[in-house]
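First up is the structure itself, then whatever we jot down about it.
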Amino acid sequence: MLIFNTMTGKKEDFIPLQRETIGMYACGVTAYNHCHIGHARSAVVFDVIKRYLQYRGFNVKYVRNFTDIDDKIINKAEEEGTSWDAVARKYIDEFYSDMDRLGVSKADVEPRATGHIEDIIEVIKILIDKGYAYEVADNDNKSLYFSVDRFPEYGKLSKKQKGELMAGARACVDEKKKNPIDFALWKASKKGEPWWESPWGRGRPGWHIECTAMAIKHLGESIDIHGGGADLIFPHHENEIAQSEALTGRPFVKYWMHNGFITINKEKMSKSLENFFTMREILDKYNAEAVRLFLLSSHYRSPIEFSHEQLHDAESSLDRYYSTKARMDEFLSMSTGVQKKAIYSAELEDFVSKFKNKFESAMDDDFNTALAIGHIFELAREINKFLDLRPSGETAETLIKMARDMLSATGSVLNLFGKTHLEWNADLLKTKKIPLSVDDIVARVDERQIARQNKEWAEADLIRKGLEDKGIILEDKRDGTSWKVNVS
RNA sequence: GGCGGCGUACCCAAGGGGCUAAGGGAGAGGUCUGCAAAACCUCGAUGCAGCGGUUCGAAUCCGCUCGCCGCCUCCA
């Protein structure tokens, strides 16, 4: 298995630190606003990485944090006239509901900064003892900073030179810092701000330190994989490395993984440019599974241009997949095991025999989900071709069963393609806000079936037209009529 | 300015020295059908931003040019 390591800038063989369990940490969200599709991408990408590692037989302990205290949360609370913890709770709940719809499962541990104040304080104490941190008085309380000059390897992840950083450092630097690029470990509490008691008075943790404290607490001093969005490389992950390696004297992370951005008009989606789409808005318009497919249809490190058209295309393509699935299920449920005529199955057999390998080598190559999905659709096409031959008999049945099982095994790594045709369409009724239930539709189809049997074509056409106007398409087949939601 | 990345058909996108340049969407033709739609099948880049070079061989490596983006500041 190859993983692209941001630290070395190369794809490297994945060799875990220890045999038993892989430690994986991904930086989650700061809970101060609705999450947007960029946050979702990161969550989906690491969800798939975790799933594939498990598929490959590794035990994985996956930790994803929530930042539930920081300046933005405090500001938001002031804006909304509530407390900081109410803000954090609200957006964490919302994050969970969005992620749930996207099929992102929970991490094994989901620590929050405010739940680890003691651990953070312990870490800072050690950093002081080792001479990496210094205090700055701020009225009655004290702030603590990490002294970047004490850590010679600073910049090794982001490939930055300390000198250049200084030149580019912000104008409004805290003049109490020894070096403009030093960063806060602990912030003295200002009036009206939330605070925790510490050896340095009342204050709260800086941003970066929570990840150091929580990663080490839950995964140990050295972890296999640490990831997040590419915008976290600097300064967040650079600072994490400095703190953590200063603390333990050991390498913090073996493989650093970073996902690319979502762009709009080629520009990074960001709050300051006000060019973001929240997951709320997107899930209101598009099917959640289609959004997940859209996100996984590009390699995780490539930028993805946000596009309504592509989101819609993803729905169409999923719809086609589920049609194939319906054909397979139907074939298997109707199959009698008796072979009526000779079948030509060599091509499908060939595809089925190679499929698992193709899927795995795609995923083994730095989690190439786009290629893997391509293979899945290729197999679907072969299945359709085979089914077009109207096969029968045990050989055909076995083959289709095998294909279906493989599709479901690989689909579950991506957490895609797992529904039945009916579930997919029932889901689409909701996405497309069609005011009909499955039962309503089935009742109308049954009515129409009677009309058809009596050759009352006008009546049958009327029913079909009525459903069509509501976005339901009827498909007449040899042995009955099936329905589906029109995605186009 | 420093560092990094991108440019593949109408749109999206994989590939990253030699196999017919995956896959999806759109489009066109066909099969099926009471009619129709859907579905399904087939077709779709002699060419991978441009120009040079290396090589028996380049979309893939090297150089230059053009266009675009990211990080260097809170950011997934």
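In this text, all values refer to a predicted model and were calculated from it rather than measured experimentally. All chains are named by letter (A, B, ...) in the order of the sequence lines, taking the proteins before the strands, and each is independently numbered beginning at 1.
- Ring geometry, A/Y52 versus A/F367: the interplanar angle exceeds 60°, so the pair is classed perpendicular (tilted spans 30 to 60°).
- Shown here are the side-chain hydrogen bond (donor to acceptor under 3.5 Å, both in side chains) partners of A/D350, two or more places apart in sequence or in another chain: A/K354.
- Note that CG of A/D313 and OG of A/S307 are 7.0 Å apart. Values are rounded to the nearest 0.5 Å.
- Residue A/L379 holds its CG atom at 6.5 Å from CG of A/L348, rounded to the nearest 0.5 Å.
- A salt bridge links A/R327 with A/D388: at least one charged nitrogen is closer than 4.0 Å to a carboxylate oxygen.
- Using atom C1' as the reference point in both B/A38 and B/G30, the two lie 15 Å apart (nearest Å).
- The same atom, P, is picked in B/C3 and in B/A59; the two are 30 Å apart, to the nearest Å.
- In this structure, A/F183 and A/F146 have parallel ring planes: the angle between them is below the 30° cut-off, well short of the 60° mark.
- For A/D469, the CG atom sits in a packed shell: over 12 heavy atoms of surrounding residues, nucleotides or ligands are nearer than 6.0 Å.
- Contact annotation for A/G260: base contact, defined as any heavy-atom pair under 4.0 Å involving a base atom.
- For RNA chain B, the stems formed by at least three consecutive Watson-Crick or G-U pairs, with both atom-pair distances below 3.5 Å, span B:1-7 with B:66-72, B:10-12 with B:23-25, B:27-31 with B:39-43, B:49-53 with B:61-65.
- Between A/D70 and A/R204, none of the side-chain N atoms (NZ, or NE/NH1/NH2) sits under 4.0 Å from a carboxylate O, so this pair counts as no salt bridge.
- Within residues 293-316 of chain A, the residues that have a heavy atom under 4.0 Å from RNA chain B are, in order of number, A/S297, A/S298, A/H299, A/S302, A/E309, A/Q310, A/D313, A/S316.
- If you take CG of A/N368 and C1' of B/A14, they are 6 Å apart, rounded to a whole angstrom.
- The separation of B/C61 from B/U54, taken at their C1' atoms, amounts to 8 Å, rounded to a whole angstrom.
- A/F261 has its CZ atom 14 Å from the C1' atom of B/C6, to the nearest Å.
- The same atom, C1', is picked in B/C51 and in B/C12; the two are 28 Å apart, to the nearest Å.
- Closest-nucleotide positions on RNA chain B for A/S488 and A/H375 were compared, and the one nearer the 5' end corresponds to A/H375.
- By the side-chain hydrogen bond (donor to acceptor under 3.5 Å, both in side chains) test, A/R101 is found to be paired with no residue, residues two or more places apart in sequence or in another chain being considered.
- The NE2 atom of A/H208 sits 9 Å away from the C1' atom of B/C74 (whole-angstrom rounding).
- Separating the C1' atom of B/U20 from that of B/G44 is a span of 14 Å, rounded to the nearest Å.
- The residue A/G228 sits close only to the backbone: its heavy atoms come under 4.0 Å of sugar-phosphate atoms, none of a base.
- Here A/D100 pairs with nothing under the side chain to side chain contact (heavy atoms under 4.5 Å, CB included) rule; sequence neighbours left out.
- The distance from the CG atom of A/L387 to the CD1 atom of A/I400 is 4.5 Å, given to the nearest 0.5 Å.
- Every residue two or more places apart in sequence or in another chain was checked for a side-chain hydrogen bond (donor to acceptor under 3.5 Å, both in side chains) with A/N415, and none qualifies.
- Near RNA chain B, meaning a heavy atom under 4.0 Å away, the residues from residues 70-78 of chain A are A/K72.
- Rounded to the nearest Å, the gap between the C1' atom of B/A22 and that of B/G16 is 14 Å.
- The stretch residues 448-461 of chain A touches RNA chain B through A/R448, A/R452, A/W457, A/D461, each having a heavy atom under 4.0 angstrom from the strand.
- Computed from coordinates, the A/R41 CZ to B/A13 P distance equals 10 Å when rounded to whole Å.
- For the pair A/L429/A/I441, a side-chain contact is recorded, criterion being any heavy-atom separation below 4.5 Å from C-beta on.
- Side-chain nitrogen and oxygen atoms of A/K358 include none within less than 4.0 Å of the OP1 or OP2 phosphate oxygen of B/A22.
- When each of A/Y91, A/Y96, A/Y32 is paired with A/F66, the ring-ring contact (aromatic ring centres under 6.0 Å, His included) condition holds for A/Y96 and for no other.
- Distances from the side chain of A/F234 to the nucleotides B/G23, B/C68, B/C71 place B/C71 closest.
- Among the heavy atoms of the strands, none lies under 4.0 Å from A/L387.
- One can place NE2 of A/H258 at 20 Å from P of B/C3, the figure rounded to the nearest angstrom.
- Base orientation for B/G52: anti, the chi torsion being more than 90° from 0.
- At a threshold of 4.0 angstrom between heavy atoms, the contacts of A/K160 include nucleobase atoms, whether or not backbone atoms are also involved.
- Atom CD1 of A/I264 and atom P of B/G70 are 12 Å apart (whole Å).
- Between A/F417 and A/Y321, the ring planes lie tilted relative to each other; the angle falls in the 30° to 60° range.
- B/C62 and B/C68 are spaced 23 Å apart, taking the P atom of each and rounding to whole Å.
- Computed from coordinates, the A/D366 CG to B/A14 C1' distance equals 13 Å when rounded to whole Å.
- The side-chain hydrogen bond (donor to acceptor under 3.5 Å, both in side chains) check on A/H208 picks up A/H236, A/N239, with sequence neighbours excluded.
- For residues 297-317 of chain A, the pairs satisfying ring pair (Phe, Tyr, Trp, His ring centres under 6.0 Å) are A/F277-A/F306, A/F277-A/H308, A/Y286-A/H308, A/F306-A/H308, with sequence neighbours left out.
- Going from the C1' atom of B/A21 to that of B/U46 covers 11 Å, rounded to whole Å.
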Mind listing the N/O atom pairs, protein and nucleotides 37-41 of chain B, below 3.5 Å?
| residue | atom | partner | partner atom | Å |
| --- | --- | --- | --- | --- |
| B/A37 | N3 | A/L474 | O | 3.4 |
| B/A38 | O2' | A/E475 | OE2 | 2.9 |
| B/C40 | O2' | A/D388 | OD1 | 3.0 |
| B/C40 | O2' | A/D388 | OD2 | 2.1 |
| B/C41 | OP1 | A/R381 | O | 3.3 |

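- Take A/R64 and apply the salt bridge (charged side-chain N to carboxylate O under 4.0 Å, His left out) test, not counting sequence neighbours, and it matches A/E110.
- Rounded to whole Å, atom P of B/A21 lies 16 Å from atom CG of A/L371.
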